[in-house]
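This report refers to the structure that appears directly beneath it.
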Amino acid sequence: MDFGLSDEERAIRDTARDFITREVMPLEQELLRRERAHQPGLEPSELRELQLKARKFGFWGLATPQEYGGMDLPAVVQSLIWTEIGRSFVPFRFGGEADNILFHATDEQRKEFLLPTIEGERNSCFAITEPGAGSDAANIRFSARRDGDDWILNGEKTFITGGNEADFAIVIAVTDPERGARDGGATAFLVDRAMGWRSEFIPTMGEGGPASLIFDDVRVPHRNILGEVGQGFALAMQWIGKGRYTIPSHAVGIAERALRMAIDHANTRETFGSKIGTNQAIQWMIADSETELEAARWLILRAAWTVDAGLDPRHASSMAKLYGAGMVNRVVDRVMQIHGGMGYTRELPIERWYRQVRLYRIFEGTDEMQRLIISRDLLRGYTKLGGHLG
Ligand SMILES: Cc1cc2nc3c(=O)[nH]c(=O)nc-3n(C[C@H](O)[C@H](O)[C@H](O)COP(=O)(O)OP(=O)(O)OC[C@H]3O[C@@H](n4cnc5c(N)ncnc54)[C@H](O)[C@@H]3O)c2cc1C
């Protein structure tokens with residue numbers, strides 16, 4: 001058994017680390033200053049500039065096939081890079097990406113939606129959640145009714161990441177109310193904002209915020225269906241699958257950086273005449289954090305490896321998402337505790353992480369949904385104890 005990285009994997013990981021350290025981290029203090037002044041931390045133009053700079057280093061489209069100019073990296077390497085991105089709290093991501101399901105586009109849709117998204121000229125968002133259907137995604141009511149060569153879309157989507165900035169939305173709608181969404185009753189549509197939907201900002205405890213998308217008799221041509229009629233739910237599950245290892249990979253980067261800060265603080269801050277790191281209470285918080293961090297790292301890498309090996313990744317990915325999201329919340333909480341009052345201030349990024357990572361236990365499948373999947377797989381015999389080792 002080999003837990004190491006190949007030379008190539010290490011080289012790619014190290015280049016990403018260099019880029020984040022040299023180009024992204026220097027923006028951190030200014031980001032905190034702007035956010036304290038209730039301004040956007042990173043302007044879209046600044047993100048784009050960083051992404052184009054990274055492109056010169058060869059970092060463009062981590063998951064994008066090479067025929068579209070991307071790197072088409074294995075999931076394990078993508079996971080390692082998401083961990084590097086997580087080390088900085090600047091909301092950076094590499095450019096050249098598109099939602100994984102956009103690659104099901106027709107030739108015409110490729111030109112109109114996929115290629116401009118990869119190039120960063122258009123912004124997309126993905127919308128399945130509704131006010132009445134979150135965890136129970138198959139319960140969506142947002143409707144699409146056929147009218148000649150068009151479909152008429154009505155309803156509301158909510159909590160949509162990027163919904164305020166998107167030029168177009170990938171919307172999952174009920175096209176056959178007689179069938180359940182899961183049984184071919186739902187379809188994915190590509191809908192330009194110019195076709196008539198509007199978005200409303202939703203304030204949250206995080207920086208920035210998602211949006212509600214409101215559709216009131218929005219007419220969409222049949223050619224804007226992504227994939228097949230009735231394939232919408234399957235596409236939605238494919239979209240969600242990606243985040244199940246990238247989100248916890250990001251969490252590992254956050255937890256590592258935060259724990260580093262806690263170790264440095266424990267080695268310098270003095271109370272009662274000695275460093276706080278000499279107290280067992282502090283040592284245990286550091287030990288527990290490192291242990292959980294390491295456990296999360298390997299669960300996530302195994303989930304990513306499962307994707308690369310062509311095995312069904314769902315069980316492993318649910319465990320990675322569940323444990324990684326919980327781990328980063330526990331670690332950031334301890335790091336705040338080790339910093340005392342300073343941890344609670346907006347001088348440091350700790351309270352920002354505290355607010356940010358709480359989301360990781362909620363979106364793209366709550367903790368409870370991951371537990372439901374993991375236990376169901378075992379109770380119904382879909383997977384066996386012991387994982388791929390048997
Ligand atoms: C900031 C943010 C960004 C998001 N981005 C997107 C996006 O881009 N696109 C999109 O479509 N959606 C997005 N979402 C929606 C997100 O995926 C949902 O909020 C999430 O799936 C939970 O659904 P819900 O909020 O309706 O909670 P509910 O489903 O109402 O659940 C409420 C609580 O009950 C628990 N629960 C529900 N059913 C069960 C059960 N059977 N057993 C045990 N416990 C249960 C849940 O785990 C949760 O704790 C986003 C949400 C947020 C907050």
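Counting starts at 1 for both ligands and their atoms, following the listed order. Nothing fancy with the numbering, it's 1 onward along the sequence.
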Specify side chain, backbone, both or neither for Met369, according to which of its non-hydrogen atoms lie closer than 4.0 Å to ligand 1.
side chain
Can you tell which of Glu35, Glu347, Glu28 makes a salt bridge (Lys or Arg N to Asp or Glu O under 4.0 Å) with Arg352?
Glu35
Are any of the protein's heavy atoms under 4.0 angstrom from atom 45 (C) of ligand 1, yes or no?
yes
Please confirm whether Phe159 comes within less than 3.5 Å of ligand 1 when only nitrogen or oxygen atoms on both sides are compared.
yes
Protein non-hydrogen atom below 4.0 angstrom of atom 38 (N) of ligand 1 present:
yes
Is ligand 1 less than 4.0 angstrom away from at least one heavy atom of Ile160?
yes
Measuring centre to centre across the rings, with the benzene-like ring taken for any Trp, is Tyr344 within less than 6.0 Å of Tyr354?
no
Below 3.5 Å, N or O to N or O, backbone or side chain included: is there any such pair between Glu368 and ligand 1?
yes
Here the atoms of ligand 1 under 4.0 Å from any heavy atom belonging to Ile128 are 11 (O)
Quick check: Thr129 and ligand 1, any N/O pair under 3.5 Å apart?
yes
With a cut-off of under 6.0 Å to the ring centre and 45° to the axis, is Arg330 in cation-pi contact with Tyr323?
yes
Flag: protein heavy atom within less than 4.0 Å of atom 30 (O) of ligand 1:
no
Roughly how far apart are Met369 CE and Lys321 NZ, rounded to 0.5 Å?
11.0 Å
Pairs of nitrogen or oxygen atoms closer than 3.5 Å, one from Thr366 and one from ligand 1: do any exist?
yes
Should Ser135 be counted as touching ligand 1, given the test is an N or O pair under 3.5 Å?
yes
Is Arg219 salt-bridged to Asp147, cutoff N-O under 4.0 Å?
yes
Taking only non-hydrogen atoms of Leu359 and a 4.0 Å limit, the atoms of ligand 1 in range are 1 (C), 2 (C), 52 (C), 53 (C)
Where ligand 1 meets Phe126 - atom numbers and elements under 4.0 angstrom, heavy-atom basis:
7 (C), 8 (O), 9 (N), 10 (C), 11 (O)
Determine whether the aromatic ring centres of residues Phe19 and Phe59 are separated by less than 6.0 angstrom.
no
Would you sort out whether Glu351 and Arg355 count as a salt bridge (charged side-chain N to carboxylate O under 4.0 Å, His left out), showing the intermediate values?
CA-CA 6 Å; Glu351 67 80 36; Arg355 288 182 286 118; 2.9 Å; yes
